Amino acid sequence: MSFANRELPGSAKLETLQLSQLAMKAPHLGVYHRPEISANPDRLRQLVDESGPNADRLVSAGTMTRGQLRTFSGGLAHENGRISSRKAQRLLHFEGVAQRALLIRSESDHRYINIDSECMRIETSDGLRKFSHTLDVVLTRADGSELAVEVKRDQRDIEDPELRAKYAATAEILRCCGIDFEIVFRDEIFRDRNHRANAELFASRAFTSFSRKHIDRLENFAIRDGPESTYGALAEVLEPLSMLMGKAVLQALTVLRRVELDLTKLLTNSTPVFIH
């Protein structure tokens, strides 16, 4: 696979800020997009395939490395460290409050069955420059597809032309392999302070202990009364003697995707929930 320089379409009618956002956050990101090359997960091959019988039919566009690529904590000028994730079933490394916020939000986001951080590196070249890019967060959807996310504080973090070229090359490699890529700004992670508070609360309760009796109560309730209920009613079903404990179990089950509710709104006992 090769890349050809292409002019990024723009519009003189757009304001400067809008044009810049469009150029950076459009799915094809810049001059590396080759629309004639379709997305196909089968493009990902182990390095050993390069010496196999089909090696002469393969043209390498780059290298993808997966695993725990950054595991240190501390020693940087900005906030960094690790957080415990029940959905990932291990510690997740983060650099900066924005990346941590996305991990916290994704912990209770029903769309994702797995979350990971600092786990994918793309190395490629456009013939003139070499690019190496480690993705901030990789989210796995219920259908098995993946979304690779680069987290930035704001627009100013992506104004450097070299950085934009690296993101463009990364985005095109990932697109051709059937992996989505997007840039998320800090103020886009949470809808408002209620959303942030709810996500922090549910992530903090992810490791709440519950037993088989709680799962039996959840499933029996769904069989008897249907999958739809309310936050308060389901908490009472899960733990009849303690509403607080019932909500903690419900919150842990939300992280595990057995219960789904809208965390972008203020939570009350009448908030609708859905049992899976």
Side-chain angles (χ1 to χ4, degrees), residues 73 79 81-94 96-117 137-143 147 149 151 184 186-276:
S73 179
E79 181 176 346
R82 304 184 184 96
I83 61 172
S84 297
S85 168
R86 184 159 192 168
K87 185 171 281 186
Q89 299 184 30
R90 59 180 179 79
L91 294 174
L92 296 178
H93 174 76
F94 71 90
V97 294
Q99 185 179 3
R100 179 187 180 277
L102 181 60
L103 294 173
I104 291 295
R105 188 197 76 180
S106 303
E107 182 80 345
S108 55
D109 193 326
H110 191 81
R111 293 174 295 175
Y112 307 118
I113 62 174
N114 188 46
I115 59 180
D116 209 342
S117 68
V137 177
V138 177
L139 305 171
T140 305
R141 303 184 182 97
D143 63 359
L147 170 63
V149 184
V151 186
V184 174
R186 178 174 53 190
D187 60 1
E188 297 174 329
I189 295 174
F190 297 111
R191 181 172 298 183
D192 53 29
R193 62 182 183 180
N194 285 325
H195 187 195
R196 177 188 293 273
N198 292 337
E200 291 278 5
L201 172 63
F202 277 60
S204 70
R205 300 288 177 82
F207 290 93
T208 299
S209 297
F210 58 87
S211 64
R212 182 65 218 182
K213 70 177 182 181
H214 294 105
I215 301 299
D216 290 340
R217 289 169 181 171
L218 180 75
E219 294 176 348
N220 290 336
F221 177 83
I223 293 172
R224 183 180 67 250
D225 296 338
E228 297 181 2
S229 184
T230 62
Y231 188 51
L234 188 56
E236 186 176 3
V237 168
L238 291 171
E239 196 58 62
L241 300 180
S242 173
M243 176 66 77
L244 183 62
M245 184 61 190
K247 288 183 176 180
V249 172
L250 189 155
Q251 290 152 7
L253 292 174
T254 301
V255 172
L256 295 176
R257 303 182 70 253
R258 292 301 308 269
V259 177
E260 182 180 4
L261 68 162
D262 187 357
L263 296 182
T264 65
K265 299 178 180 178
L266 181 66
L267 290 183
T268 68
N269 286 339
S270 60
T271 296
V273 301
F274 190 88
I275 301 171
H276 289 273

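Please read all numbers here as calculations on a predicted model, not as lab measurements. If you read the sequence from its start, that first residue is 1, and numbering goes on from there. When reading the values below, keep in mind they use all heavy atoms of this one structure, side chains included, and skip hydrogens, waters and symmetry mates.
- Interatomic distance, CG of L263 versus OG1 of T271, reported as 9.5 Å (0.5 Å rounding).
- Residues T264 and D192 share a closest heavy-atom pair of O-OD1, 3.8 Å.
- Under the 4.0 Å criterion applied to side-chain N and carboxylate O atoms, R111 and E260 are not assigned as salt-bridge partners.
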May I have the step-by-step check of salt bridge (charged side-chain N to carboxylate O under 4.0 Å, His left out) for E236 and R217, ending in yes or no? CA-CA 10 Å; E236 186 176 3; R217 289 169 181 171; over 6 Å; no
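- The line from CG of L261 to CG of N198 is 8.0 Å long, rounded to the nearest 0.5 Å.
- Under the side chain to side chain contact (heavy atoms under 4.5 Å, CB included) criterion, T140 pairs with I113, N114, E146, sequence neighbours left out.
- Every residue was checked against the side-chain hydrogen bond (donor to acceptor under 3.5 Å, both in side chains) condition with R257, not counting sequence neighbours, and none meets it.
- D109 places no side-chain N or O within 3.5 Å of a backbone atom of R105 that could act as its donor or acceptor partner.
- Looking at heavy atoms from C-beta onward, D225 lies out of side-chain contact with V237 at the 4.5 angstrom threshold.
- When all heavy atoms are compared, the tightest approach of K87 to S106 is NZ-O, 3.2 Å.
- For residues 267-276, no pair satisfies salt bridge (charged side-chain N to carboxylate O under 4.0 Å, His left out), with sequence neighbours left out.
- In this structure, CD on E239 lies 12.0 Å from CG on L250, to the nearest 0.5 angstrom.
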From CA spacing to verdict: side-chain contact (heavy atoms from CB on, under 4.5 Å), E79, Q99: CA-CA 10 Å; E79 181 176 346; Q99 185 179 3; over 6 Å; no
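- In terms of the side-chain hydrogen bond (donor to acceptor under 3.5 Å, both in side chains) criterion, R224 has no residue partners (sequence neighbours excluded).
- Taking each heavy atom of V151 and A98 in turn, the nearest pair found is CG1-CB, 3.5 Å.
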Under 3.5 Å donor-acceptor pairs involving side-chain atoms of residues 202-210, not counting sequence neighbours:
unit_1: S204; atom_1: OG; unit_2: E200; atom_2: O; d: 3.4
unit_1: S204; atom_1: OG; unit_2: L201; atom_2: O; d: 2.6
unit_1: R205; atom_1: NH1; unit_2: Q251; atom_2: OE1; d: 3.1
unit_1: T208; atom_1: OG1; unit_2: R205; atom_2: O; d: 2.8

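- The shortest heavy-atom contact between S85 and L92 is CB-CD1, 3.6 Å.
- Counting only residues at least two apart or on different chains, the ring-ring contact (aromatic ring centres under 6.0 Å, His included) pairs with a member in residues 245-276 are H110-H276, F274-H276.
- Residue I215 holds its CD1 atom at 8.0 Å from CG of L256, rounded to the nearest 0.5 Å.
- Residues in residues 239-271 take part in no ring-ring contact (aromatic ring centres under 6.0 Å, His included) pair, two or more places apart or across chains.
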L102 and F94: CA distance, side-chain angles, deciding distance, side-chain contact (heavy atoms from CB on, under 4.5 Å) verdict: CA-CA 10 Å; L102 181 60; F94 71 90; over 6 Å; no
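- One N or O on the side chain of E107 and one on the backbone of R86 form a donor-acceptor pair closer than 3.5 Å.
- Residues meeting the side-chain hydrogen bond (donor to acceptor under 3.5 Å, both in side chains) test with D116, sequence neighbours left out: R90.
- Residue pairs that meet the ring-ring contact (aromatic ring centres under 6.0 Å, His included) test with at least one member in residues 231-250, sequence neighbours left out, do not exist here.
- A 4.5 Å side-chain heavy-atom check between V259 and L218 finds at least one atom pair inside the cut-off.
- A donor-acceptor pair under 3.5 Å links the side-chain atoms of S117 to the main chain of H93, judged by distance alone.
- Taking every heavy atom of both residues into account, L91 and S84 meet most closely at CD2-OG, 3.3 Å.
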So D143 and R141, salt bridge (charged side-chain N to carboxylate O under 4.0 Å, His left out) or not? Walk me through it. CA-CA 5 Å; D143 63 359; R141 303 184 182 97; 5.4 Å; no
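- Heavy-atom minimum distance, H195 versus F190: ND1-CA, 3.5 Å.
- Remark: H214 pairs with no residue by the ring pair (Phe, Tyr, Trp, His ring centres under 6.0 Å) rule, at least two apart or across chains.
- With sequence neighbours excluded, the residues satisfying side chain to side chain contact (heavy atoms under 4.5 Å, CB included) with A233 are S229, T230.
- Residue pairs meeting the ring-ring contact (aromatic ring centres under 6.0 Å, His included) criterion with at least one partner in residues 236-257, sequence neighbours excluded, are absent.
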